[in-house]
There are 2 protein chains.
Amino acid sequence: MARTTGSDGGKTEAAIRDAATGLIARFGYEAMSMRQLAAEVGVQAAALYRYFPTKEDLLFALMRGHMEALADAWQEARPSSRDPVIRLAAYVENHIAFHVRRRHSTHVSNMELRSLSPERLTHILKMRAAYEKELRAILRDGAEQGLFAIEDTGLTAMALIQMITGVIVWFRPGDRLSIAGVSATYLKMTMRLVGAKTATEERHVYAHA
Amino acid sequence: MARTTGSDGGKTEAAIRDAATGLIARFGYEAMSMRQLAAEVGVQAAALYRYFPTKEDLLFALMRGHMEALADAWQEARPSSRDPVIRLAAYVENHIAFHVRRRHSTHVSNMELRSLSPERLTHILKMRAAYEKELRAILRDGAEQGLFAIEDTGLTAMALIQMITGVIVWFRPGDRLSIAGVSATYLKMTMRLVGAKTATEERHVYAHA
DNA sequence: GATTTAATAAAACGAACGTTCAATTAATTC
DNA sequence: GAATTAATTGAACGTTCGTTTTATTAAATC
């Protein structure tokens, strides 16, 4: 046999990306063989090489796609308001929603960086840095306006990112908690962590004093 | 040649563990070959099999050793006080100090769980669960005594663990920040995150009101 | 100092790996 | 409907992998 009935390049490439994301997330990049991936797609191993010249090209394509989707999602979710509290809330909510929605893809991008060539590693890290820079800007603005009580903007940004990305480590859709509930709780923790004074909290503080 | 002058089983095993921890942390478990490890130790690949029957046995030994060391460190650092604030501070400080000190080992234990057999994975996860249970107990006690403002003990514990373990992702000894400085900042963020009312903060709140 | 045991080297095993190549068939173009 | 292009197969290549076996030498024992 050779070309199969109904075969289509576009569909096959998408199927490869999907299957690879799942397999790498589950077993790891090194542990996934090209033959295993081909079997998952329903194709022979050689067919993969029409779409991705090497295994590493495939990994890089997945990671770049993930980072581009993340940047796009944030552009879409970014609020027009200049209020740091509103912007921080939007950042956290978009981050959690995106990463839960794309759990496997996130796992790949976070765990397999060391399998990238130095140039490609740098490329992905730059995309990540640009995204994280947005959070630091929000924190800096909030601190300058006296809305946040922050010791170190860089440290706080890293702590927040680790915390909110960590959701995907334990969260499973259909758990006792809904995505919305988890997101709301993480938002409250975030606001306390940065020392934000919300209207509610101020009322509580005054009542207490 | 065969047995070499000055060769010693105890020393060789320790050298294998050290070298393996470094190599797996850098390149990943699957990517590290037994020949590469042997070369790092300064020995032939076959010699490794006198100490660890299989590659997976070696990985499991490293992970179990890491978790045991973590449990020991916490037993050592655990305060006699029953005050949740003091206990939480001790937990966070010990956690950060331990993980920074054993960065490579931590990376191995956090990233390579999927290379373990199901039984061994369960074993390591149980050790981890026991350690994290201590944190949940502290948070629960603090919440019950009205010292912490926490929505969900389990969620908060996970968020805290992700946050304070994340230090090792970006922290490099000899950075612009000292371990003590980072630890102090993370402790403040922790206390705010759980809504702890410290003496200092209460004074500040009252002065503000 | 002979004997036993511990530690290692050297070579080899079969299996699996990423990748390539030539052949073959489906879909498209003219 | 013939010619061309796109998609895929099946088989093979050389390499590397984890692991085993056998032989050899250093250290420990008596």
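Numbered from 1 within each chain, the chains take letters A, B, ... in sequence-line order. Predicted model, so just to flag it, every value in this text is computed and none were measured.
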A/Glu119 and A/Ser117: side chain donor to acceptor below 3.5 Å: yes
Shortest side-chain distance from B/Val43, nucleotide among C/dG18, C/dA9, D/dT19: C/dA9
Is any side-chain N or O of A/Gln44 closer than 4.0 Å to OP1 or OP2 of D/dG10? yes
Look at B/Ser33 and D/dC17 and indicate whether a side-chain polar atom (N or O) is within less than 4.0 Å of OP1 or OP2. yes
Between C/dG18 (P) and A/Leu59 (CG): distance, integer Å: 13 Å
Below 4.0 angstrom from OP1 or OP2 of D/dT21, is there any side-chain N or O of B/Tyr49? no
What is the distance from CZ of B/Phe52 to C1' of D/dT20, rounded to the nearest Å? 19 Å
Distance, rounded to the nearest Å, where A/Lys55 contributes NZ and C/dC17 contributes P: 9 Å
Residue pair B/Ser105, B/His66: steps toward the side chain to side chain donor-acceptor pair (under 3.5 Å) verdict: CA-CA 6 Å; B/Ser105 188; B/His66 177 81; 2.8 Å; yes
Rounded to the Å, how far apart are B/Glu30 CD and D/dC17 P? 12 Å
Comparing A/Gly42 and A/Arg35 on DNA chain D - which has the more 5′ nearest nucleotide: A/Gly42
Does any part of the side chain of A/Leu147, heavy atoms only, come nearer than 4.5 Å to the side chain of A/Asp83, both counted from C-beta? yes
Mutual orientation of the aromatic rings belonging to B/Trp170 and B/Tyr186 [parallel < 30°, tilted 30-60°, perpendicular > 60°]: parallel
Measure CD/B/Gln36 against C1'/D/dT16 and give the value in whole Å, please. 12 Å
Look at the side chain of B/Ala46 and decide which nucleotide, out of D/dT21, D/dC17, D/dT9, has an atom nearest to it. D/dT21
Checking D/dT19, C/dA7, C/dG18 against the side chain of B/Thr54 (C-beta onward), the nearest is D/dT19
Quick one: A/Tyr51 OH to D/dT9 C1', roughly how many Å, whole number? 13 Å
Residue whose nearest DNA chain C nucleotide is more 5′ - A/Ala31 or A/Pro53: A/Ala31
For A/Glu13 and D/dA6, what is the distance between atoms CD and P respectively, to the nearest whole Å? 15 Å
Choosing from C/dT19, D/dA7, C/dA9, which nucleotide comes nearest the side chain of A/Met34? C/dT19
Give the nucleotide from the list C/dA10, C/dT8, C/dG18 with an atom nearest to the side chain of B/Thr12. C/dT8
Please determine, for the side chain of B/Arg50, which listed nucleotide (D/dT8, D/dA12, C/dT8) has the closest atom? C/dT8
Over 60° means perpendicular and under 30° means parallel, so tell me whether B/Trp74 and B/Tyr91 are parallel, tilted or perpendicular. perpendicular
Using atom NZ of B/Lys11 as one end and atom C1' of D/dA26 as the other, report the distance to the nearest whole Å. 14 Å
